[in-house]
Amino acid sequence: MPEGPSIVILKEAAQPFVGKRIIEVAGNRKIDLQRIHGQTVQEFVSFGKQFLIRLENLTVRIHLLLFGTYRINERKETAPRLCLVFDNGEINFYGCSVNFIAADLDQLFDWSADVRSDSWDPQAAKIKIKHHPDMMVCDALLNQDIFAGSGNIIKNEVLYRIRVHPETLIGNLPDSKLAELITEARNYSFDFLRWKKQFELKKHWQAHTRKKCLRCDLPFSKRHLGKTNRRSFFCINCQVKY
DNA sequence: CCGGTTGTTCAGCG
DNA sequence: GCGCTGAACAACCG
């Protein structure tokens with residue numbers, strides 16, 4: 001479900017509830033959900049993989065993790081972690097983390113790190129990533145402080161596009177390749193969003209879960225790499241280790 | 001039917 | 001206090 005672009009889709013789907021009052025709250029999350037009963041939705045915000053529901057005096061933060069799902073105006077068999085009912089419908093969240101944030105969102109979130117947002121700042125990303133010369137590029141693309149919203153699919157697709165081996169250290173990456181890395185992290189996020197909306201995301205995968213390289217026809221390597229130890233699909237022939 | 005995963009946090013350890 | 005590891009969470013696909 002949830003790399004950043006999927007959260008953008010959720011935000012768009014939830015728009016009918018902006019300005020609406022929560023007339024009923026339920027869910028199996030072990031916090032006092034009734035705190036938000038009666039509050040009005042000011043706006044829905046996406047930040048990376050997080051979905052924020054900004055209310056009058058606090059914000060609900062939802063993270064769908066690996067398996068989280070949601071339903072709008074319908075319910076699943078299983079009990080929702082959080083259910084919000086409005087006078088024009090309801091939204092249900094399952095298998096996710098739910099927390100309340102009382103702090104100012106601008107203090108908490110670095111909006112410039114969200115690769116998919118208008119606030120994305122590639123120059124800021126360049127400065128941040130250069131602080132980690134010993135970090136592998138595969139870990140950098142999963143670092144939410146630098147590339148908020150980028151996940152394992154985006155990681156694999158971006159590294160294949162720019163022909164860089166996932167174990168390349170940031171400090172060894174030529175400046176031109178670093179620039180490509182930052183540019184393509186954003187580009188692929190937009191492609192991901194467009195394809196996901198058309199229900200054809202998987203069709204466009206060139207690296208993720210693929211068995212062989214489209215460029216040279218050699219078998220892909222599939223290994224768990226980096227400190228994040230996540231699946232990497234890559235071509236040792238076409239992707240250069242700097 | 002089982003194994004694996006588009007993710008993150010936290011406890012426990014050395 | 002640090003970094004590392006593994007567990008926990010929980011749903012769906014192949």
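In this text, all values refer to a predicted model and were calculated from it rather than measured experimentally. Order of the sequence lines sets the chain letters (A, B, ...), proteins ahead of strands, with each chain counted from 1.
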Rounded distance in Å - NZ (A/Lys76) to C1' (C/dC12): 9 Å
B/dT6 phosphate, OP1 or OP2, under 4.0 Å from A/His208 side-chain N/O: yes
Contact residues, residues 91-121 of chain A to DNA chain B [heavy atom, < 4.0 Å]: none
Shortest side-chain distance from A/Lys202, nucleotide among C/dA11, C/dC9, C/dG14: C/dG14
Integer-rounded Å distance: B/dG3 P and A/His224 NE2: 15 Å
Ion pair A/Arg21/A/Glu56, N-O distance below 4.0 Å: no
Salt bridge present between A/Asp139 and A/Lys227 (N-O < 4.0 angstrom): no
Among B/dT8, B/dT5, B/dT6, the one nearest A/Phe67 by side-chain distance: B/dT5
Proximity to the side chain of A/Arg81 - top-ranked nucleotide from C/dC4, B/dT6, C/dA10: C/dA10
Secondary-structure stems for DNA chain C, with pairs counted as Watson-Crick or G-U when both distances are under 3.5 Å and runs at least 3 long: B:2-5 with C:11-14, B:7-14 with C:2-9
Integer-rounded Å distance: B/dC10 C1' and A/His63 NE2: 15 Å
Among B/dG7, C/dC12, B/dT8, the one nearest A/Leu66 by side-chain distance: B/dG7
Of A/Lys227 and A/Thr78, the one whose closest DNA chain C nucleotide lies more 5': A/Lys227
Distance test, side-chain N/O of A/Arg231 to OP1/OP2 of B/dT5, below 4.0 Å: yes
Geometric class of the A/Phe17/A/Phe86 ring pair [parallel <30°, tilted 30-60°, perpendicular >60°]: parallel
